[in-house]
Amino acid sequence: MLLQIAHVLLSVACTWGHPSPPAEELGIPGAIREYVIAGSVRRDDTDELLPGVRVQLLAAAGNVASSTVLTNASGEFSFGQFTAGEYEIVAEKDGFQSARLPVEVTRYDQPNLVVHLRKQPVAANPAGDATTAHQLAIPQKALTAFEKGVAKADYRGDYKGAVQEFQRAINNYPDYYEAYAELGTAYVRLKDFRKAEKALRQSIEISEQKYAPPLMLLSMLLNDQSRSGEAEPVARQVIAADPNAWRGPYELSRALLSLRRLPEAEASAYAARDLKPENPDVYLLLSEIHRHTQNPSALLQDIDAYLKLAPQGPAAPQARKLREQLLKFMESQSKTKPAVVP
């Protein structure tokens with residue numbers, strides 16, 4: 001299935017530093033000459049390498065040339081090989097201002113590009129805000145340990161060290177639900193999913209289901225483990241906590257699809273698409289739904305939308321093959337329809 005081909009654990013959207021596909025898998029068949037586009041993302045003020053940054057490659061007129069990739073533990077990214085032309089790299093990471101880097105590919109590879117991200121200024125919360133009260137209650141020792149944990153995870157890729165720091169933060173402040181969420185994220189990077197789930201659920205419980213990040217990650221984990229019945233209510237909690245985040249309806253649609261509640265899955269996938277129409281993975285999900293509902297015209301639209309956004313995406317070769325088969329099927333169906341007698 002296309003969705004199974006494209007979806008690797010936590011590859012979408014949010015977030016967690018999976019390596020890029022090999023360059024040969026991303027090349028444009030039949031191109032005369034192709035050039036490597038790769039590089040790294042660094043923090044603007046300290047020049048530290050930043051892992052887990054969402055990086056996207058745009059072609060002329062703003063069209064998506066490749067699906068979003070995440071920088072690895074060394075802050076590096078690679079899109080593979082592309083034909084000569086003008087491109088733009090867009091880099092985004094929570095807590096940082098987004099950055100754009102124009103890239104002109106002519107006769108040489110571009111393997112050492114550097115994108116700098118600037119830390120997002122922290123705006124003061126209005127007096128009496130619940131978040132402010134929570135933040136003010138955090139002891140300095142806990143806050144210091146939390147910041148060290150974030151630094152070890154984000155800048156050094158030291159997830160074991162990050163776990164120790166987040167544990168220290170929690171020991172100093174047991175209600176530190178952000179630390180539990182980061183602890184769960186670190187365990188995901190260490191592939192210890194049992195401990196990750198436990199930490200995420202603790203964060204959700206302490207925050208009374210109002211803090212969206214652990215809900216998002218937990219819904220993804222449960223879906224990836226084929227625990228659709230558990231993923232569904234968590235995804236609905238994501239929507240309640242952050243109605244503007246596409247991840248909630250997307251994970252809800254995945255769960256409903258696995259539960260074979262196809263009309264609901266389709267509606268939720270369209271909701272995710274409306275929140276982030278430039279996300280190619282949403283169209284892969286819709287294609288899987290429309291394959292099950294045997295809706296060839298909608299399936300063709302899904303495939304075309306995916307290929308337009310990610311012509312060299314990881315599922316593009318399979319999508320093109322399916323498109324050819326689908327067109328042949330639709331043509332054969334039109335030929336076999338009985339003639340209408342006037």
Minimum heavy-atom distance between [X] and [Y], given as atom pair plus value:
{"X": "V188", "Y": "A196", "result": "CG2-CB, 3.7 Å"}
{"X": "S40", "Y": "L49", "result": "CB-CD2, 3.8 Å"}
{"X": "D242", "Y": "A212", "result": "CB-CB, 4.0 Å"}
{"X": "T106", "Y": "A84", "result": "O-CB, 3.7 Å"}
{"X": "K93", "Y": "G52", "result": "NZ-O, 3.9 Å"}
{"X": "Y283", "Y": "A305", "result": "CD2-CB, 3.5 Å"}

Let's go through K328 and E331 carefully: what are the C-alpha distance in whole Å and the side-chain angles of both, what is the deciding distance for salt bridge (Lys or Arg N to Asp or Glu O under 4.0 Å) to 0.1 Å, and is it a yes or a no? CA-CA 5 Å; K328 291 179 181 178; E331 183 180 358; over 6 Å; no
Count the heavy atoms of every other residue, nucleotide or ligand shown that sit under 6.0 Å from CD of E205, and state whether that count exceeds 12. no
Is it true that, when you exclude K148 itself, more than 12 heavy atoms of the residues, nucleotides or ligands shown sit nearer than 6.0 Å to its NZ? no
Do [X] and [Y] have side chains that approach each other closer than 4.5 Å (heavy atoms only, starting at C-beta)?
{"X": "V163", "Y": "Q167", "result": "yes"}
{"X": "E165", "Y": "K152", "result": "yes"}
{"X": "Q56", "Y": "V64", "result": "yes"}
{"X": "V55", "Y": "T71", "result": "yes"}
{"X": "I204", "Y": "Y211", "result": "no"}
{"X": "Q225", "Y": "F193", "result": "yes"}
{"X": "Q110", "Y": "Y87", "result": "no"}
{"X": "F82", "Y": "S66", "result": "yes"}

Return yes if some donor-acceptor pair links the side-chain N/O of [X] with the main-chain N/O of [Y] below 3.5 Å, else return no.
{"X": "R320", "Y": "P311", "result": "yes"}
{"X": "S253", "Y": "P249", "result": "no"}
{"X": "Y306", "Y": "A315", "result": "yes"}
{"X": "S219", "Y": "A235", "result": "no"}
{"X": "N223", "Y": "E251", "result": "yes"}
{"X": "D109", "Y": "P111", "result": "no"}

Is [X] linked to [Y] within one hydrophobic cluster, defined over Ile, Leu, Val, Met, Phe, Trp and Tyr using a side-chain heavy-atom separation of less than 4.5 Å?
{"X": "L221", "Y": "I239", "value": "no"}
{"X": "L262", "Y": "L259", "value": "no"}
{"X": "Y270", "Y": "L252", "value": "no"}
{"X": "V105", "Y": "I89", "value": "yes"}
{"X": "L215", "Y": "L217", "value": "yes"}

Please determine whether side-chain contact (heavy atoms from CB on, under 4.5 Å) holds for the pair H292 and L257, giving the CA-CA distance in whole Å, both sets of side-chain angles, and the decisive distance to 0.1 Å. CA-CA 9 Å; H292 280 82; L257 173 60; 4.2 Å; yes
Between [atom1] on residue [X] and [atom2] on residue [Y], distance to nearest 0.5 Å:
{"X": "L286", "Y": "N295", "atom1": "CG", "atom2": "CG", "answer": "10.5 Å"}
{"X": "E264", "Y": "L256", "atom1": "CD", "atom2": "CG", "answer": "5.5 Å"}
{"X": "E92", "Y": "L70", "atom1": "CD", "atom2": "CG", "answer": "11.5 Å"}
{"X": "R323", "Y": "L299", "atom1": "CZ", "atom2": "CG", "answer": "10.5 Å"}
{"X": "E178", "Y": "I170", "atom1": "CD", "atom2": "CD1", "answer": "10.5 Å"}
{"X": "R261", "Y": "S268", "atom1": "CZ", "atom2": "OG", "answer": "10.5 Å"}

Side-chain ion pair, [X] and [Y], N-O less than 4.0 Å:
{"X": "R254", "Y": "D281", "result": "no"}
{"X": "D94", "Y": "R54", "result": "yes"}
{"X": "E230", "Y": "R201", "result": "yes"}
{"X": "R100", "Y": "E88", "result": "yes"}
{"X": "K321", "Y": "E324", "result": "no"}
{"X": "E197", "Y": "R227", "result": "yes"}

R42 and V114: side-chain contact (heavy atoms from CB on, under 4.5 Å), yes or no, with the steps? CA-CA 7 Å; R42 293 176 176 271; V114 178; 3.9 Å; yes
Should the ring pair H134 and Y176 be called parallel, tilted or perpendicular, given that the plane angle runs from 0 to 90° and is split at 30 and 60? perpendicular
Taking it one step at a time, do M330 and L300 satisfy side-chain contact (heavy atoms from CB on, under 4.5 Å)? CA-CA 10 Å; M330 294 173 71; L300 182 60; 4.3 Å; yes
Report yes or no: do [X] and [Y] form a side-chain donor-acceptor pair below 3.5 Å?
{"X": "E232", "Y": "Q237", "value": "no"}
{"X": "Q140", "Y": "T144", "value": "yes"}
{"X": "H290", "Y": "Q301", "value": "no"}

What's the verdict on ring-ring contact (aromatic ring centres under 6.0 Å, His included) for F166 and F146, showing C-alpha distance, side-chain angles and the deciding distance? CA-CA 5 Å; F166 293 135; F146 177 83; 5.8 Å; yes
